[in-house]
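Can you keep this structure in mind? I'll have questions shortly.
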Amino acid sequence: MINILNLSVTAGQIWSKVWPVLVAILFFGLIILIHELGHFMWGKIFKVKINEFSIGMGPAIFKKKKNETQYSIRCLPIGGYVSMEGEDGGSDDENAFGSKKPWQKFIILAAGAVNNLILGLIFVAILTCMGDLIGTRQIHSFYDNATSCRYGLKEGDIIKNINGEHIFSSRDIDYALIRDEDATYDFIVERDGKDVELKNVKFQQTKAANGENTIIFDFILVGVKKTPLNVIKTTFMDTISLARLVWLSLFDLITGRYGLNELSGPIGTVTVVAEAASSAASGGIPMDTIFYIMALITINIGVFNLLPIPALDGGRLFFVLIEWIRGKPVSPKREGLVHAIGFALLMGFMVIVTFSDIRNLFNGTYNFGW
């Protein structure tokens, strides 16, 4: 006889692994939907003929045509697109994308990434409101046996710069300390109304579980009560900090500080969100960590799409700027060739990152418990 109890336990175990992945895929789909809605809505506002609005890539699993636009859901939740008439030139339709003014094209192309940044701003606002206090850049006190106070830092100092990087918010302090490798920093602090430069401030290091050195953050920052004004200010400053973190990470990648194996593609992103959702449900991590991850991912996508890389929105924006400056568009054939080459390189890059994701998934770097 079949043991019904065992079957139910097994089904429960499977579901406990599946639902976090579904949540992660839905979240990833939300980011894509918000992005593509930006292009779609502004395209409609400027009366561009939109042939298809698609969420996902690959073969369609759902299609419905309304008026001039086909709405599709495709099987691979790794992207999406809005197909506009005459997007790559070659259309005489008066409502083609190519017939619009440069400033209209610019708004349509930028709208997707801007939507992602706005979504990130919302997540950061929620995260800010969840805290009991608002973090500041001012040092309140030091832990026992602190190291940094021996090198010049004092209670009451307002941290303005670390290793040449301007500090906008308390989160920037964390990022600046994490990015350094020798636990030695140059600070600029405001003390008694004057800027004071402190060279070679040192922190203790400890070995993490993965064998990497971790900086011991040995001081406590002043926290203030929330007000509408400081919540709004902190939300914008933290969003700027997350956006800047994307640029800094890209710089670290180009300069060789990080390797391609340390990047995450769609599989890695979905897995990280699924791990966080599962851990939050079991009480392993607080919910604010979930919102932080969600904010970081959507801001990352928004900033990355604005980079002047062919085939991305930023690459297309670059050609629109050229059209705007010179008064006529670049030859559609030349622009199309640039985007085709860029797309091929981008897909090759995605293949490399995806293989890295798969390797990390099976070697336990992503510890989801499969």
Side-chain angles (χ1 to χ4, degrees), residues 27 30-31 34 38 113-143 146 148-149 153-179 185 187-196 198 201 203 215-248 273 276-277 279-280 283 285-303 306:
F27 167 64
L30 172 65
I31 293 176
I34 292 295
V114 170
N115 269 14
N116 285 137
L117 295 176
I118 293 172
L119 179 63
L121 186 74
I122 293 170
F123 286 140
V124 173
I126 295 171
L127 181 62
T128 303
C129 291
M130 291 174 69
D132 295 327
L133 298 171
I134 298 292
T136 70
R137 299 173 297 156
Q138 186 173 21
I139 297 176
H140 175 272
S141 57
F142 292 87
Y143 290 111
S148 62
C149 59
L153 286 178
K154 294 183 178 181
E155 295 176 0
D157 284 350
I158 299 173
I159 299 172
K160 299 180 68 174
N161 191 292
I162 299 178
N163 284 350
E165 294 178 14
H166 185 76
I167 303 300
F168 293 100
S169 69
S170 58
R171 290 191 183 276
D172 278 336
I173 298 173
D174 293 332
Y175 303 149
L177 295 180
I178 290 170
R179 289 185 72 244
Y185 306 84
F187 278 75
I188 296 177
V189 300
E190 182 181 325
R191 182 182 297 167
D192 299 326
K194 298 180 181 179
D195 286 351
V196 177
L198 304 173
V201 176
F203 288 79
I215 305 298
I216 297 177
F217 195 15
D218 62 8
F219 53 77
I220 301 170
L221 296 171
V222 172
V224 297
K225 292 182 178 180
K226 289 181 290 186
T227 66
L229 184 61
N230 65 22
V231 165
I232 292 172
K233 180 181 178 181
T234 299
T235 295
F236 277 94
M237 289 297 99
D238 283 354
T239 301
I240 292 171
S241 295
L242 286 173
R244 187 174 69 163
L245 186 62
V246 178
W247 287 98
L248 293 175
V273 176
S279 183
I285 61 173
M287 278 302 298
D288 58 358
T289 303
I290 294 287
F291 283 103
Y292 175 77
I293 293 172
M294 293 165 73
L296 181 59
I297 291 172
T298 188
I299 291 171
N300 189 304
I301 291 174
V303 172
L306 289 175

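All values below come from the heavy atoms of this structure, side chains included, with hydrogens, waters and symmetry mates left out.
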### Task
Determine whether D195 and E190 make a side-chain contact, defined as any pair of heavy atoms from C-beta on separated by less than 4.5 Å.
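Contact flag for D195/E190 side chains = yes.
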#### Entry: Smallest separation among heavy atoms of A113 and G302, with atom names
CB-O, 3.3 Å
### Query
So do L117 and V303 actually touch side chain to side chain, heavy atoms under 4.5 Å?
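Contact flag for V303/L117 side chains = yes.
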#### Entry: Side-chain donor/acceptor of Y292 to backbone N/O of L127, under 3.5 Å
no
### Message
Quick check: closest heavy atoms across I299 and T239, and the distance to 0.1 Å?
### Response
CD1-CG2, 3.9 Å
### Query
If you measure from CD1 on I297 to CG on N300, what distance do you get to the nearest 0.5 Å?
8.0 Å
### Minimum heavy-atom distance L221-S170, with the two atoms named
CD1-CB, 3.8 Å
### Task
Hey, could you give me the CG/OG distance between D218 and S141, rounded to the nearest 0.5 Å?
10.5 Å
### Query
Less than 4.5 Å apart, any side-chain heavy atom of V231 and any of I134?
yes
### Query
Can you tell me if D238 uses its side chain to pair, donor with acceptor, with the backbone of T235 under 3.5 Å?
no
### Query
Got a donor-acceptor contact below 3.5 angstrom from the Q138 side chain to the I158 backbone?
no
### Message
I'd like to check the ring-ring contact (aromatic ring centres under 6.0 Å, His included) partners of F217; sequence neighbours left out, ordered by chain and number.
### Response
F219
### Query
Less than 4.5 Å apart, any side-chain heavy atom of V224 and any of L133?
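Sidechains of L133 and V224: no contact.
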### Message
So that I can tick it off, tell me whether R137 and D172 are bridged by a salt bridge, with the cut-off set at under 4.0 angstrom between side-chain N and carboxylate O.
### Response
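Judged by the 4.0 Å cut-off on N to carboxylate O distance, D172 and R137 do not form a salt bridge.
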### Task
May I ask you to decide if I139's main-chain N or O and K154's side chain share a donor-acceptor pair within less than 3.5 Å?
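Here the side-chain-to-backbone pair does not exist.
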### Contact check, side chains of F168 and R244, non-hydrogen atoms, under 4.5 Å
yes
### Pairs where residues 116-142 contributes a residue and the test ring pair (Phe, Tyr, Trp, His ring centres under 6.0 Å) is met, not counting sequence neighbours
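The answer is none; no pair qualifies.
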### Task
Sorted by first residue and then second, give each side-chain hydrogen bond (donor to acceptor under 3.5 Å, both in side chains) pair with at least one member in residues 113-133; sequence neighbours left out.
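Residue pairs passing side-chain hydrogen bond (donor to acceptor under 3.5 Å, both in side chains), neighbours aside: H35-N116.
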### Task
Might you point out which heavy atoms bring Y185 and L177 nearest each other, and give the distance in Å?
OH-O, 2.7 Å
### Query
T298 side chain to M294 main-chain N or O, any donor-acceptor pair under 3.5 Å?
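Not at all, since once roles are kept as given, no pair shorter than 3.5 Å links the two residues.
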#### Entry: Minimum side-chain heavy-atom gap T234-V124 below 4.5 Å
no
### Task
State the CG-CD distance between D157 and E155, to the nearest 0.5 angstrom.
9.5 Å
